[in-house]
Amino acid sequence: MTSADLPGDKPFVLLATRAQDVPADEEYALFLRFTGLPPERLRRVRLEREPLPEFDLDDVAGILVGGSPFNASDPWDEKSAVQRRVEAEMAALVDRVVARDAPFLGACYGVGTLGTHLGAPIDGVYSEPISVVDVSLTEAGRTDALLAGLPSTFPAFVGHKEAISSLPDTATLLASSPTCPVQMFRVGENVYATQFHPELDLDGIVTRIHAYASYGYFAADELDLTLAAVRRSPVTATGRILRTFVERYAR
């Protein structure tokens, strides 16, 4: 199905929080590529630059959330004013999304935002260095419409300082990995979050490795090791999740 074949004309919204233009613009380009959406149907809001605009959930087809340098588990007094604002705006939005069971897919930062809504413990117990890991679908994941066509185990890009250490019963676990038990989950029927990055390809994660080299994801002398880690195994399946999300919810 091409973008011209998608039903309806309502836009999807990408909520982004990357301050650096190069990784931010590349993130948007990757979401366009993997969703198959034209720019006019994927509206980007850079929350690190501007407040979240008010919009009616009936006016959008679905909401996507990109990754972020923000960590929900950081001490409050260490969070910048921008991070505090973004977290407050995201919390209010997620409350509305979950109440409506509106289409939502958060990549990496989505775990922090949706996990906070659920009251799930978010900490550094299951952090993962920037790398490729093997993600396995649970029984529920193997029958979830958003994951149709994916193999039961597939390589995915990860790199995060925090994760959900225990998923509450109000959510459905869809995917896990040996080093991070909550790699993907669903709330209701239409609200999703992934810990891994379905929007990334190799060039995209290499860009982020260089852009965030001083952000504490790896030691100063581990740049080459980190670049080698993301080349460990080809990542080819995860982008399908974004395309399926669009095909399922376009209206």
Side-chain angles (χ1 to χ4, degrees), residues 16 18 20 22-24 26-35 64-69 71 105-112 115 122-138 141-142 144 146-165 167 173-185 192-245:
R18 300 187 183 280
Q20 299 89 343
V22 171
E26 188 167 51
E27 178 181 70
Y28 181 49
L30 286 165
F31 270 102
L32 289 171
R33 171 186 161 195
F34 285 119
T35 60
L64 296 160
V65 178
S68 177
N71 293 297
L105 175 57
C108 197
Y109 189 46
V111 168
I122 302 172
D123 51 41
V125 174
Y126 294 109
S127 62
E128 292 176 298
I130 299 173
S131 61
V132 176
V133 301
D134 292 326
V135 174
S136 296
L137 300 180
T138 64
R142 288 191 291 272
D144 190 277
L146 198 63
L147 298 171
L150 266 71
S152 58
T153 299
F154 54 88
F157 292 118
V158 299
H160 51 99
K161 299 176 184 178
E162 63 181 10
I164 290 177
S165 53
L167 194 66
L173 181 66
L174 300 176
S176 183
S177 71
T179 50
C180 182
V182 182
Q183 283 286 355
M184 184 174 183
F185 65 94
Y192 294 86
T194 68
Q195 187 65 79
F196 61 89
H197 286 273
E199 83 284 7
L200 277 178
D201 62 7
L202 180 59
D203 288 342
I205 197 165
V206 167
T207 294
R208 292 189 192 175
I209 288 170
H210 287 289
Y212 298 106
S214 62
Y215 278 62
Y217 290 99
F218 52 88
D221 61 350
E222 293 178 340
L223 176 61
D224 289 341
L225 290 174
T226 304
L227 291 169
V230 298
R231 295 184 171 96
R232 179 185 70 82
S233 181
V235 175
T236 58
T238 53
R240 177 62 195 172
I241 297 170
L242 297 177
R243 182 61 180 178
T244 302
F245 182 82

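Values below: every heavy atom of this structure, side chains too, minus hydrogens, waters and symmetry copies.
- Within the 4.5 Å cutoff, the side chain of Gln20 has heavy atoms near those of the Tyr212 side chain.
- Looking only at side-chain heavy atoms (C-beta outward), Phe34 and Ile241 stay at 4.5 Å or farther from each other.
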> Step by step, would you call Leu146 with Phe245 a side chain to side chain contact (heavy atoms under 4.5 Å, CB included)?
Replying inline: CA-CA 6 Å; Leu146 198 63; Phe245 182 82; 3.7 Å; yes
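- Although no hydrogens or angles enter the test, the distance criterion places a donor-acceptor pair under 3.5 Å between the side chain of Thr138 and the main chain of Leu173.
- Between Tyr215 and Tyr217, the angle of the ring planes stays under 30°, which puts this pair in the parallel group of the 30/60° scheme.
- Looking at heavy atoms from C-beta onward, His160 lies in side-chain contact with Cys180 at the 4.5 angstrom threshold.
- No donor-acceptor pair closer than 3.5 Å links the side chain of Gln195 to the backbone N or O of Val111.
- In terms of modelled atom types and a separation under 3.5 Å, the side chain of His197 and the main chain of Glu199 share no donor-acceptor contact.
- The two residues Asp144 and Tyr192 come nearest to each other via the heavy atoms OD1-OH, 2.9 Å.
- With a 4.5 Å cut-off on side-chain heavy atoms, Val158 and Ser131 count as touching.
- Atoms OG1 and CG, from Thr236 and Leu202 in turn, are 12.0 Å apart once rounded to the nearest 0.5 Å.
- Of all non-hydrogen atoms in Asp203 and Glu26, the two that sit nearest each other are O-OE1, 4.0 Å.
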> For Leu225 and Phe218, what are the C-alpha separation, side-chain angles and deciding distance, and is it a side chain to side chain contact (heavy atoms under 4.5 Å, CB included)?
Replying inline: CA-CA 9 Å; Leu225 290 174; Phe218 52 88; over 6 Å; no
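- To the nearest 0.5 Å, atoms OG1 (Thr35) and CG (Leu30) are separated by 10.0 Å.
- Ser177 contributes no side-chain N or O that, together with a main-chain N or O of Val135, makes up a donor-acceptor pair within less than 3.5 Å.
- Note on Arg208 versus Glu27: salt bridge recorded, some NZ/NE/NH1/NH2 to OD/OE distance being below 4.0 Å.
- Looking at heavy atoms from C-beta onward, Phe196 lies out of side-chain contact with Val133 at the 4.5 angstrom threshold.
- Interatomic distance, CG of Asp134 versus CD of Gln183, reported as 10.5 Å (0.5 Å rounding).
- Here the NZ-CG distance, from Lys161 to Asn71, works out to 5.5 Å after rounding to the nearest 0.5 Å.
- At a cut-off of 3.5 Å, with distance as the only test, a side-chain donor of Asp123 or Ser165 sits close to an acceptor on the other residue.
- Atom CG of Leu147 sits about 11.5 Å away from atom OG of Ser152, to the nearest 0.5 Å.
- Side-chain contact check for Ile205 versus Val235: every heavy-atom pair is 4.5 Å or farther apart.
- Counting only heavy atoms from C-beta outward, the side chains of Phe157 and Val132 approach each other to under 4.5 Å.
- Taking 4.5 Å as the limit, every side-chain heavy atom of Ser136 sits out of range of all side-chain heavy atoms of Ser176.
- For the atom pair Leu105 CG and Leu242 CG, the distance stands at 6.0 Å (nearest 0.5 Å).
- Taking each heavy atom of Pro234 and Pro155 in turn, the nearest pair found is O-CG, 3.1 Å.
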